[in-house]
Visitor: 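Take a look at the following structure, please.
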Amino acid sequence: MQQPVRTLACLILATSLFGCASTSSDESKQATSTNIQLDLYDTLKVKLDDATSRHSDEQLKWYATQAYSSMTKALKEARSAYSEFEHEPSKINDSDLFSSQNYGQEMTASLDAFELAYRSAIATKQRVLSVMSVSFENNTYLEKVNAQTLFPTEFKRVEQQFKRTIDYIANNETIDNERLIALETKQHQLEAKSVTKHYLGEAKQQFSQHKKQRYSVDAPLVMARSEATLSKAEAFIQSSPRNHDEIQVRADTVSFALQRTEKIVQQVRELKSLPEKQYERYILNLEAQLHAIAVASATGDHRNKTLIEHAKYIESSMLDTQKSDDEKWLSLTMELKQVKQDIEATAAQSNQLMAEKQALQSKVNSLEAQKVAQLNTGVTQPEPESLQVENIAPVTPAAVTPAVNAAPGTDALDSEVPEAISESSPVSS
């Protein structure tokens, strides 16, 4: 009886030990699997956020419509798979009944598809910008000249043509040059039209009013000239719509021509409306105005001439006066230039003298310092030989006998000077 009981106990113990070992191994594997699931969950979440951020670039939708649509589809599928385990990461390995992949695999595949579509969209955008660089530049200028406000309908048509061309370039490897040229031509025309409206809009309306009021009947010459000036300005804008400085100059010229036309027509119509007995008074008024100008410019009285001759005399006199003034101005300019040169030379000399004065003052200060040092030490130094000669008492010789055979041009006294110096008493310092 003892032997069967002992055998049964051993079996129970062995079974218990085996069961404990199996449970520990399963728990370890489960913990490892959970960690892997969490790592995959975090990785997919980061990739999904990054894809969502890149998808928000609306420019890609404009430049690469098809590729952007693929991005949108892939992102939608990734979000759908993520929603299945977003709040329960443990379900990342679960799958739908009709799918051969689990949710984690489905999301990974969708994000990979998104990445491919995104790279395609970027490449397409760069290609479109390169091929259509002129069109994009034109489009920028259309915005600057406010074409959308000035001509909204035409601007909308050009924008639609612009988008169709972008889609064609994005979806086709070959480049349709005719399509590009047609678009650029439309853009240029709209830009020139907008610039013309901005700079010459009022002038064109004014000229139209002149035609309606039949200015060409009373002043055909100036009317024709103002029309020609306006036409030249419009032609220049068509050829160079971005040269705004020159366009402004030409617009001012057109405005001046139109104002001149108005004044001449006004005077012609006033003259036509005068009765014959007022002709003399009209001429006398003109003569009086010319005479006032002549008096102010000191050109004399030329009322014994016709009005045209009177005006020519005034012009000639004023030109002579201007020429004389120019000559005087030139002379004054030359004199001023010479004065400036003299001032510069004087300044240079003054600087040189100042430098020499400073050098001499430095030497004087040095000598004074030496003298003070000698007095302080009590040492008496002999003065230079030149100073000794100046302090020698004059010696009057008893008689001066000319030297025999003296060299021509040599003073006989020269030979006696050293002797006289030697006989003199030394000079005390």
Visitor: Taking all atoms of both residues into account, what is the closest heavy-atom pair of A170 and T124, and its distance?
Guide: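 Between these two residues, the closest heavy atoms are CB-CG2, 3.3 Å.
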
Visitor: Any heavy-atom pair between the side chains of Q148 and K156 that's under 4.5 Å?
Guide: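 Counting from C-beta outward, K156 and Q148 never come under 4.5 Å.
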
Visitor: Please walk me through it: do T65 and K163 pass side-chain hydrogen bond (donor to acceptor under 3.5 Å, both in side chains)?
Guide: CA-CA 10 Å; T65 303; K163 184 62 173 70; 3.2 Å; yes

Visitor: Please work out whether the ring planes of Y82 and F85 are parallel, tilted or perpendicular, with thresholds of 30° and 60°.
Guide: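 Geometry flag for F85 against Y82: perpendicular rings.
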
Visitor: Quick one: does any side-chain atom of S317 pair with a main-chain N or O of I314 as donor and acceptor, under 3.5 Å?
Guide: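 Side chain of S317 to backbone of I314: no pair is present.
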
Visitor: Is the backbone of R127 close enough, under 3.5 Å, to the side chain of S130 for a donor and an acceptor to pair up by distance?
Guide: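 Answer holds: no.
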
Visitor: Honestly, is K144 close enough over Y141, meaning NZ or CZ under 6.0 Å from the six-membered ring centre and within 45° of the axis?
Guide: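 The answer is yes; both the distance and angle limits are met.
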
Visitor: If we ignore angles and hydrogens, is there a donor and acceptor under 3.5 Å between the side chains of K186 and Q161?
Guide: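 No, because no side-chain N or O of K186 sits under 3.5 Å from a partner of the opposite role on Q161.
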
Visitor: Under 3.5 Å, is there a donor on one side chain and an acceptor on the other for Q206 and Q259?
Guide: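 Short answer, no.
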
Visitor: Verify the ring-centre separation between F155 and F162: is it less than 6.0 angstrom?
Guide: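 F162 vs F155: aromatic centres not under 6.0 Å.
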
Visitor: Does a donor on one side chain sit under 3.5 Å from an acceptor on the other, for Q361 and N365?
Guide: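 Yes - a donor-acceptor pair under 3.5 Å links their side chains.
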
Visitor: Would you kindly check if the NZ (Lys) or CZ (Arg) of K193 is within the cone defined by 45 degrees around the ring axis of F151 and under 6.0 Å from the six-membered ring centre?
Guide: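 Yes, K193 lies over the aromatic ring of F151.
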
Visitor: Keeping the roles fixed (side chain from S240, backbone from I237), state whether a donor-acceptor pair exists under 3.5 Å.
Guide: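 Between the backbone of I237 and the side chain of S240 there is no qualifying donor-acceptor contact (under 3.5 Å).
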
Visitor: Salt bridge check: are D218 and R214 linked by an N-O gap of less than 4.0 Å?
Guide: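 Here D218 does not pair with R214 in a salt bridge, since their nearest N and O are not under 4.0 Å apart.
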
Visitor: Spell out, as yes or no, whether a donor-acceptor pair under 3.5 Å connects the side chain of Y68 to the backbone of H55.
Guide: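 Indeed, once roles are kept as given, a pair shorter than 3.5 Å links the two residues.
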
Visitor: List in chain and number order the residues that pass side chain to side chain contact (heavy atoms under 4.5 Å, CB included) with K363, two or more places apart in sequence or in another chain; answer none if no residue qualifies.
Guide: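 None.
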
Visitor: Would you say the side chains of T261 and H210 form a donor-acceptor pair under 3.5 Å?
Guide: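 Their side chains do not contain a donor-acceptor pair, so the 3.5 Å distance test is not met.
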
Visitor: For N146 and T149, test the side chains for any donor-to-acceptor distance below 3.5 angstrom and give the result as yes or no.
Guide: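 Checked: N146/T149 side chains pair up, N/O donor to acceptor below 3.5 Å.
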
Visitor: Got a sec, which residues hit salt bridge (charged side-chain N to carboxylate O under 4.0 Å, His left out) with D176, two or more places apart in sequence or on another chain?
Guide: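 Checked D176 against salt bridge (charged side-chain N to carboxylate O under 4.0 Å, His left out); matches are R179.
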
Visitor: For A219 and V265, work out which heavy atoms get closest and say how close.
Guide: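 It is CB-CG2, 3.5 Å.
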
Visitor: Show the nearest heavy-atom pair for residues M132 and L180, with the distance to one decimal.
Guide: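 Shortest heavy-atom separation between M132 and L180 comes out as CG-CD2, 3.8 Å.
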
Visitor: Examine the side chains of Q248 and D252 and answer whether a donor and an acceptor come within less than 3.5 Å of each other.
Guide: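 The answer is yes; a qualifying pair exists.
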
Visitor: Report yes or no: does N138 contribute a side-chain atom to a donor-acceptor pair with the main-chain N or O of T140 at less than 3.5 Å?
Guide: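 No; judged by distance alone, with no hydrogens or angles, the pair does not exist.
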
Visitor: Is the shortest side-chain heavy-atom distance between V131 and I175 below 4.5 Å?
Guide: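 Side chain of V131 against side chain of I175, heavy atoms only: contact under 4.5 Å found.
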
Visitor: Are any non-hydrogen side-chain atoms of E106 and N102 less than 4.5 angstrom apart?
Guide: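 SC-SC contact between E106 and N102 ruled out.
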
Visitor: Are T306 and H310 side-chain neighbours, meaning at least one heavy-atom pair lies under 4.5 Å?
Guide: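 Side chain of T306 against side chain of H310, heavy atoms only: no contact under 4.5 Å found.
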
Visitor: Quick one: closest heavy-atom pair of L200 and A233, and the distance?
Guide: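 It is CD1-CB, 3.8 Å.
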
Visitor: Which pair of non-hydrogen atoms, one from S135 and one from Q187, has the smallest distance, and what is that distance?
Guide: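 Shortest heavy-atom separation between S135 and Q187 comes out as O-NE2, 3.2 Å.
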
Visitor: Got S226 and R260 here, is their nearest side-chain heavy-atom distance under 4.5 Å?
Guide: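 Not touching, per the 4.5 Å side-chain cut-off.
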
Visitor: Going by an N to O cut-off under 4.0 Å, is there a salt bridge joining E86 and K91?
Guide: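 Salt bridge: no.
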
Visitor: Does any non-hydrogen side-chain atom of Y215 lie less than 4.5 Å from one of I264?
Guide: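 In short, these two side chains do not touch, never coming nearer than 4.5 Å.
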
Visitor: Check for a donor-acceptor pair, side chain of N172 on one end and backbone N or O of Y168 on the other, with a separation under 3.5 Å.
Guide: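 Side chain of N172 to backbone of Y168, a donor-acceptor pair under 3.5 Å: yes, one is there.
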
Visitor: Would you say the side chains of Y199 and H244 form a donor-acceptor pair under 3.5 Å?
Guide: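 Yes, H244 and Y199 have a side-chain donor paired with an acceptor closer than 3.5 Å.
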
Visitor: Is the shortest heavy-atom distance from the side chain of Y282 to the side chain of Q278 under 4.5 Å?
Guide: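 No, every pair of side-chain atoms sits at 4.5 Å or beyond.
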
Visitor: To the nearest 0.5 Å, tell me how far E227 CD sits from S216 OG.
Guide: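 Going from the CD atom of E227 to the OG atom of S216 covers 9.0 Å.
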
Visitor: Main chain of A373, side chain of T377: is a donor-acceptor contact present, judged purely on distance under 3.5 Å?
Guide: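 Confirmed, T377 side chain pairs with A373 backbone.
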
